Number of protein chains: 2
Amino acid sequence: MAGKRERVRAENTAEILRLARAQVERDGAGNLSLREVARDLGMVSSAIYRYFASRDELLTRLIIDSYDRLGAIVEAADSALSSRDDFRGRWRAMSHSIRNWALESPAEYTLLFGTPVPGYAAPQDTIGPASRYTNVLVGLVLDMEAAGHTASEVVPAALRRDFAALRQRLAVPANDAMLMRGMVAWANLMGAISLELFGHLHNVVDTPGALFDAIVEVQAERLFA
Amino acid sequence: MAGKRERVRAENTAEILRLARAQVERDGAGNLSLREVARDLGMVSSAIYRYFASRDELLTRLIIDSYDRLGAIVEAADSALSSRDDFRGRWRAMSHSIRNWALESPAEYTLLFGTPVPGYAAPQDTIGPASRYTNVLVGLVLDMEAAGHTASEVVPAALRRDFAALRQRLAVPANDAMLMRGMVAWANLMGAISLELFGHLHNVVDTPGALFDAIVEVQAERLFA
DNA sequence: TAAAAGCAAGAGCACTGCTCTCGTTTCGGT
DNA sequence: ACCGAAACGAGAGCAGTGCTCTTGCTTTTA
């Protein structure tokens with residue numbers, strides 16, 4: 001029998017997620033409507049609550065899935081480079097993979113890196129998937145250090161404890177200066193993408209792609225040479 | 001008579017903006033409710049439409065005001081430094097003024113730099129006020145160049161036209177490399193603040209303030225020394 | 001086979017943005 | 001000083017939202 005009920009439940013759950021994702025992609029996360037999902041699915045709105053306790057829970061699920069996809073994309077971009085010690089190349093690859101993904105599915109990027117939806121607070125379940133893409137960046141600075149690179153970034157005393165905890169939690173033996181380097185690169189990368197995607201470059205440059213390339217290149221030169 | 005109607009209109013408009021701002025500050029831009037504003041004001045909801053054509057128009061007005069306040073704050077922070085050729089100091093001052101403002105009124109920061117509200121597209125009226133805070137940064141790189149500093153940032157050919165247009169539009173005689181430097185600093189700054197404010201640092205560091213200081217310092221060392 | 005659990009439907013609540021109509025109040029021109 | 005026009009606030013109403021509760025039906029479990 002394989003459990004008819006169980007099978008139908010899985011199908012419906014998947015279908016709800018599919019429709020919700022399409023809706024988010026079309027109208028943005030803020031406009032996700034449970035009732036519309038229900039209509040598209042040929043159900044009544046209250047039935048959705050058998051599958052997701054609330055709109056926020058559905059959103060959370062979408063967020064987790066998006067983090068997972070982003071993680072997979074960045075991992076693939078990084079590991080596609082055969083020469084593991086081409087650090088500049090790896091930085092380029094992962095940077096561009098994130099931007100390309102963001103441009104392809106802006107609503108998804110917005111879902112993760114834009115305004116935390118109205119009264120919504122990210123639950124614990126998201127932190128695992130969320131760290132997948134950052135782990136790729138961590139891997140880069142780790143490999144650099146293993147290859148004998150030294151970083152000269154100054155790390156204030158107040159940050160040393162944070163970095164020590166981070167080192168322990170992630171089992172990452174990078175030194176403070178190298179971690180600092182990663183943080184600067186991370187902030188710069190996400191800043192460049194957010195400025196572009198949220199429209200702050202509109203009356204500034206006409207070819208945001210070229211600007212992004214240049215920003216990545218400046219960092220590659222400075223941090224990953 | 002001084003126009004009773006005109007006076008009342010000005011008062012009501014101001015009051016609507018005040019209440020709406022308080023609401024945004026409390027519940028976030030996505031939860032701004034015209035009906036609640038009307039209730040707080042002792043009016044019926046439809047009356048609000050005598051003053052603002054739509055919820056989006058009210059939001060736009062709030063956004064413009066916020067850009068103006070941010071602009072004033074950053075300008076003040078920069079011009080508070082008496083030694084105009086202390087570029088690192090000026091960079092520090094403007095960076096921290098933005099972050100402090102963001103921490104004091106996160107909903108306001110979110111309004112400007114988070115997700116462009118659901119189906120909302122920023123109208124032209126915002127681009128003037130929006131460039132006020134960036135002009136301070138532009139002023140910094142301009143002064144650096146005037147003081148004889150040279151930048152070594154590489155600017156790809158594709159960006160040269162954008163930068164030429166920018167130079168003309170803003171009447172800013174900075175060379176390409178120096179403009180590039182400003183862009184990197186800008187992206188890094190906004191990235192650092194957004195990561196913190198939108199919760200992406202939650203399981204990363206416990207003292208985001210220290211991380212921010214360090215990021216600013218790294219850039220000060222590299223770009224504004 | 002009977003009880004238990006899972007399910008979809010439907011009605012309903014309290015909201016939302018927005019529109020339209022209807023009396024009233026204020027303003028500008030004669 | 002008057003009178004038409006314009007501006008105004010109130011109120012009802014429409015279409016939509018998230019979410020809850022009850023009611024019957026179906027599948028699963030014991």
Side-chain angles (χ1 to χ4, degrees), chain A residues 1-17 19-24 26-63 111 115-121 123, chain B residues 1-17 19-24 26-63 111 115-121 123:
Chain A
M1 183 59 88
K4 169 177 179 176
R5 194 148 237 171
E6 199 175 350
R7 205 197 59 235
V8 168
R9 183 174 183 82
E11 285 175 5
N12 281 348
T13 306
E15 193 62 6
I16 290 173
L17 284 171
L19 291 169
R21 181 166 295 285
Q23 221 179 101
V24 166
R26 182 163 43 83
D27 303 321
N31 291 341
L32 170 62
S33 157
L34 287 191
R35 292 184 112 108
E36 190 176 334
V37 169
R39 272 195 303 272
D40 291 354
L41 205 123
M43 267 183 182
V44 87
S45 75
S46 60
I48 301 288
Y49 288 83
R50 296 274 173 200
Y51 299 87
F52 294 92
S54 68
R55 182 176 177 274
D56 275 5
E57 193 179 298
L58 177 53
L59 268 176
T60 297
R61 183 58 188 278
L62 290 178
I63 289 174
L111 192 57
T115 308
V117 172
Y120 174 88
Chain B
M1 184 58 90
K4 169 177 180 180
R5 193 149 240 169
E6 198 175 350
R7 203 195 61 234
V8 169
R9 183 173 184 84
E11 283 175 6
N12 282 347
T13 305
E15 193 62 5
I16 290 172
L17 285 171
L19 291 170
R21 180 166 296 282
Q23 222 178 101
V24 166
R26 181 163 44 84
D27 302 321
N31 290 341
L32 170 62
S33 158
L34 288 191
R35 291 184 113 108
E36 192 176 332
V37 169
R39 273 194 304 274
D40 291 354
L41 205 124
M43 266 185 184
V44 88
S45 75
S46 60
I48 301 288
Y49 287 82
R50 298 277 175 198
Y51 298 87
F52 294 92
S54 68
R55 181 177 176 274
D56 275 6
E57 193 178 299
L58 177 51
L59 268 177
T60 297
R61 183 57 189 278
L62 290 179
I63 289 175
L111 191 59
T115 308
V117 173
Y120 174 89

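Chain letters run A, B, ... following the sequence lines, proteins first, then strands; residues in each count from 1. What's counted below: heavy atoms across the whole structure, side chains too, no hydrogens, waters or symmetry copies. Just so we're clear, the structure is a prediction, and the values are computed from it rather than from any experiment.
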Answer yes or no: side-chain N or O of B/S46 and base N or O of D/dG11 forming a donor-acceptor pair under 3.5 Å. yes
For a 4.5 angstrom cut-off between non-hydrogen side-chain atoms, does B/D27 reach B/L32? no
Hey, is the side chain of B/R55 poking within less than 4.0 Å of OP1 or OP2 on C/dC18, counting only N and O atoms? no
Nucleotide D/dG18, atom C1' - distance to CG of A/N31 in whole Å: 14 Å
Answer yes or no: does a side-chain N or O of A/R39 lie under 4.0 Å from OP1 or OP2 of D/dT17? yes
note: B/M43, atom CE; C/dT24, atom P; distance rounded to Å ~ 18 Å
For atom CZ of B/R7 and atom C1' of D/dA7, their distance in whole Å: 16 Å
Between D/dC19 (C1') and A/L59 (CG): distance, integer Å: 15 Å
Let me know the distance between CD of A/E15 and C1' of C/dA8, rounded to the nearest Å. 17 Å
Does C/dC7 have its OP1 or OP2 closer than 4.0 Å to a side-chain nitrogen or oxygen of A/Y49? no
Does any donor-acceptor pair link the side chain of B/R50 with the base of D/dG9 at a separation under 3.5 Å? yes
When you measure from the side chain of A/S45 to the backbone of A/A38, do you find a donor-acceptor pair of N or O atoms at a distance under 3.5 Å? no
Are any of B/Y51's side-chain N or O atoms less than 4.0 Å away from OP1 or OP2 of D/dG9? yes
I need the B/T13 OG1 to B/R61 CZ distance, nearest 0.5 Å. 7.5 Å
Would you classify A/S54 as touching base, sugar-phosphate or nothing, given that sugar-phosphate means primed atoms plus P, OP1 and OP2, and contacts are heavy atoms under 4.0 Å? sugar-phosphate
Calculate the interatomic distance between A/R9 atom CZ and C/dA8 atom C1'; express it in whole Å. 13 Å
Would you confirm whether B/R55, through its side chain, and B/L34, through its main-chain N or O, come within 3.5 Å as a donor-acceptor pair? no
Any donor-acceptor pair, under 3.5 Å, between the side chain of B/R35 and the base of C/dG17, if you only look at N and O atoms? yes
I want to check one thing: is the phosphate of D/dC8, taken as OP1 and OP2, less than 4.0 Å away from some side-chain N or O of B/N12? no
When you measure from the side chain of B/E15 to the backbone of B/L41, do you find a donor-acceptor pair of N or O atoms at a distance under 3.5 Å? no
Distance, rounded to the nearest Å, where B/L34 contributes CG and C/dC15 contributes P: 16 Å
Taking for A/L32 and for B/V8 the nucleotide of DNA chain D with the nearest heavy atom, the one nearer the 5' end belongs to B/V8
Could you state the CD1-P distance from A/I48 to C/dG10, rounded to the nearest angstrom? 15 Å
